[in-house]
A.B. asks: 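I'd like to ask some things about the structure below.
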Amino acid sequence: MLKVAQKTLILLCAVSLSFLAQAQTIVTIPIETEQNALVLQTDKDNRLGITYFGKKLAKSSENALISKEYRLNDSNAGIYNSAYTPSGTWSLVEPALQITHADGNTSLELKYVSHETKRTDANVSQTNIVLKDPVYGVEVTLCYKVYAKENTIEQWTLIKHQEKKNILLQKYASANLYFMADNYYLRHYHGGWGREMKPEETLLTAGIKTLDSKLGTRANLFQPPTFMISFDRPATENEGNVMLGTLAWSGNFKIDFEMDLYHNLRVLAGINPHASEYSLAANQEFKTPSFIYTFSSHGKGEASRNMHDWAKKYRILDGEGSRLTLLNNWEATYFDFDETKLTGLFKDAKKLGVDMFLLDDGWFANKYPRNGDVAGLGDWQENRKKLPNGIGYLVKEATKAGVKFGIWVEPEMVNPKSELYEKHKDWVIREPERPEHYFRNQLPLDLSNPEVQDFVFGVLDNLFTKNPELAFIKWDCNAVTYNAHSAYLQKQGLPQTHLYVEYVQGLYKVLERIRAKYPKVPMMLCSGGGGRVDYEALKYFTEFWLSDNTDPLERIFIQWEYSYFYPAVAHCNHITDWSKVGLKFRTDVAMMGKMGYDIVVSNLTDKELLFSQQALENYKRINPTIWKGDLYRLQSPWEKPFASLLYSNKDKSHAVMFTYLTTNRFDIIYNPTPIKLNGLDPNKKYSVKEINLFPGTSSSLKTDLVYSGDYLMNVGINPELSGNRTSIVLELTELK
Ligand code: GLA
């Protein structure tokens, strides 16, 4: 007995001595991209802190010196900058990790143990830093994946333990960052259906500001997990220090901005701990979602181009590929269609000149036909009355008409008025003892349940198996999660607090299976507009629906803000009859992304049809520059009554400039001064030509304009906006 005790004591000493020994060496870990660095360093107690974030130092060896320049000298010194703040011991600020151990103890300490960097290729590397609690068997690994050229860091955390029973994770952030600047200006977003991405830019003050969502399925309806922070002073498009951050998670999130006593800023981003305590078994690894961030010392424009380059190359499915133009029938027919009407629309799609016809909601369910949004969701069999010959016939007819065929699904949801609900109430997220509460007359299915995952996978798999030529999927998600209760978790004896997390993990499992079997089919991520868009979902989707609001004036602002975080190739912009604004304006606005139509083609006048056909031809020519090139925002519509943007291809030999008037007030002097271009080569000569002219109109600009890039970027060009010229598209082509 005594021997065992002695042995234990010796062992314990060895453990604590090893921690002491490590405490004597200070370890500096720079996480460096091509331009920037995040510098981490251990302190005398072997705790890991952040000592620097910003433009990379020319001499990497000087990173070790940085911490000495800070004199954070009171008894709290050194604790605020923790690289991953534990809870229940020395730190009393907002924690990154809060747990209850198997024995009920709530304290946690994290000390540096080791780190290693592995290189994937010349551009990508990953640094893993292992931290351990000296008393309890809890291990945390901070993972930093660096995309050097894109100046982007993807950070996540792995949590595991060797305790005797489960531990409870009460808060488990993805990242915990620390910034030191004179001031911090946070640009964040709010909104609702049809009003996505309303920006607010605010000076952060003492205390904690939180961005969060507790909506579950349609998590981003009121705010997305995306933001920007300008350091010292508000960054502009081309000047200032600014970081862009976003959490790659399609569920509840929480991002805290806490100003500490030294006026330094702590940022904690991760899954929302609200109602999400997670019970973790020994040796099971919990992987948090990724927090993705980039920094630029040359303003918001460069920061967003960093993120675009990263997203196109490394994240969005087929991000460097091309996309299909389409005609969608949602606003043209709503639920009111049949085979004859649809086959007529295929011909319209062909006449217009798009690549594909997209059949929207309303094609399924028989016992409770989907003739409105009140019934049928969940019953994914073709409605025999509307489509007696099934989807297969439609695919064939579309092919005959010369267009591809795509289809809408909303496989995560169910209407209580459906056969699925009647058969499988146990698959539905609902409180068994409380009245149901609906959002758009529907409820989410419980994706924590593997049977439900099979069902959702099956909806897509059946469609593809029966119709291998199916060219496109629009995946919708129109309800938030009320009454978050899972019959499955209850049956398994698992805590209900796992539901929000396991729902999202279940969704990813389904998407993973779909992509394993159908790796290439383009899919649009939609959630009653922009209720769900993030960089984890976009691993599986080629594009997303920004908003149901397709009023072009509104869209200029919505697209403008989304464009900071997501590249044009992923933006689905449709021309619809939502507003009375002229077709040219609507078309020009839709072109700054992936263009589609949701109109009644037969209602177009001859001139409108001709205009659209020509616009689609132009689009074919210019879309490689829009999708694969770089975006330069020239004039913000928040600052002047017009917006101007330019896309240039990577070798700067071709560019497209869009300018839109954003006011219809009479008493306005349009743009009296030229707009300075950006993203061109000063030494190249460009021909400048107005395109997308409405038949019968001509440009007020000369037809043979030739300028140097130098002139265009220093003097600029005046596109001559006026009440009659409210949107102008200029194509710039290098003259050799
Ligand atoms: C959501 C989508 C729309 C349309 C409808 C169909 O609102 O955002 O584009 O697909 O669902 O019900």
Side-chain angles (χ1 to χ4, degrees), residues 191-197 215 217-222 224 250 324-337 342 345 356-365 368-380 383 386 405-418 438-444 459-460 463 472-480 522-533 537 541-552 554-555 558-559 562 570-579 586 590 593-600:
W193 178 79
R195 296 181 290 121
E196 289 83 354
M197 295 300 275
L215 302 183
T217 30
R218 203 172 162 180
N220 307 154
L221 181 61
F222 300 143
S250 314
L324 299 168
T325 55
L326 58 85
L327 175 67
N328 188 191
N329 70 312
W330 175 240
E331 288 187 30
T333 67
Y334 293 104
F335 296 95
D336 180 22
F337 56 80
L342 292 180
L345 296 181
M356 187 185 70
F357 177 82
L358 170 62
L359 175 59
D360 214 285
D361 195 357
W363 57 268
F364 50 89
Y368 303 105
R370 181 77 172 165
N371 292 329
D373 63 13
V374 290
L377 210 51
D379 301 345
W380 297 101
N383 179 279
K386 288 184 195 172
F405 184 85
I407 200 160
W408 178 97
V409 289
E410 195 182 356
E412 297 160 76
M413 298 282 162
V414 65
N415 282 130
K417 224 173 162 190
S418 69
Y438 307 123
F439 194 108
R440 208 193 189 208
N441 314 302
Q442 64 192 52
L443 294 163
V459 173
L460 278 283
L463 278 169
F472 187 88
I473 298 287
K474 175 177 175 183
W475 180 309
D476 217 333
C477 167
N478 279 307
V480 300
M523 293 210 297
M524 180 206 290
L525 175 63
C526 176
S527 182
R532 179 197 271 170
V533 52
F541 291 86
T542 47
E543 51 218 85
F544 71 99
W545 186 233
L546 287 67
S547 172
D548 277 351
N549 188 342
T550 47
D551 178 307
E554 298 291 334
R555 286 296 284 215
I558 293 174
Q559 292 171 197
Y562 269 122
H571 288 210
C572 293
N573 300 336
H574 290 184
I575 296 147
T576 75
D577 289 326
W578 180 301
S579 90
R586 283 179 272 159
K594 196 213 90 164
M595 187 163 81
Y597 289 82
D598 200 341
I599 52 168
V600 184

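Atoms within each ligand, like the ligands themselves, are counted from 1 in listed order.
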A.B. asks: Under 4.0 Å between a side-chain nitrogen and a carboxylate oxygen: does that hold for Asp551 and Arg586?
C.D. replies: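 Looking at Arg586 together with Asp551, the answer is no, because their closest N to O distance does not fall below 4.0 Å.
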A.B. asks: Once side-chain hydrogen bond (donor to acceptor under 3.5 Å, both in side chains) is applied, do any residues pair with Glu331, and if so which ones, sequence neighbours excluded?
C.D. replies: Thr576
A.B. asks: More than 12 non-hydrogen atoms from neighbouring residues, nucleotides or ligands closer than 6.0 Å to NZ on Lys386, yes or no?
C.D. replies: yes
A.B. asks: Taking any residue with a non-hydrogen atom under 4.0 angstrom from an atom of ligand 1, which ones do you get?
C.D. replies: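 Ligand 1 is contacted, at a heavy-atom distance under 4.0 Å, by Trp330, Asp360, Asp361, Trp408, Arg440, Lys474, Asp476, Asn478, Cys526, Gly528, Gly529, Trp545, Asp548.
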A.B. asks: Mind checking side-chain hydrogen bond (donor to acceptor under 3.5 Å, both in side chains) for Asp476 and listing every partner two or more places apart, or none if nothing turns up?
C.D. replies: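 Residues passing side-chain hydrogen bond (donor to acceptor under 3.5 Å, both in side chains) with Asp476: Trp408, Asn478.
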A.B. asks: Decide yes or no for Leu377 and Glu410: does some side-chain heavy atom of the first lie under 4.5 Å from some side-chain heavy atom of the second?
C.D. replies: yes
A.B. asks: With sequence neighbours left out, write down each residue that passes side-chain contact (heavy atoms from CB on, under 4.5 Å) with Val600, or none if nothing qualifies.
C.D. replies: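 With neighbours one apart ignored, the set is Ala332, Ser602, Asn603.
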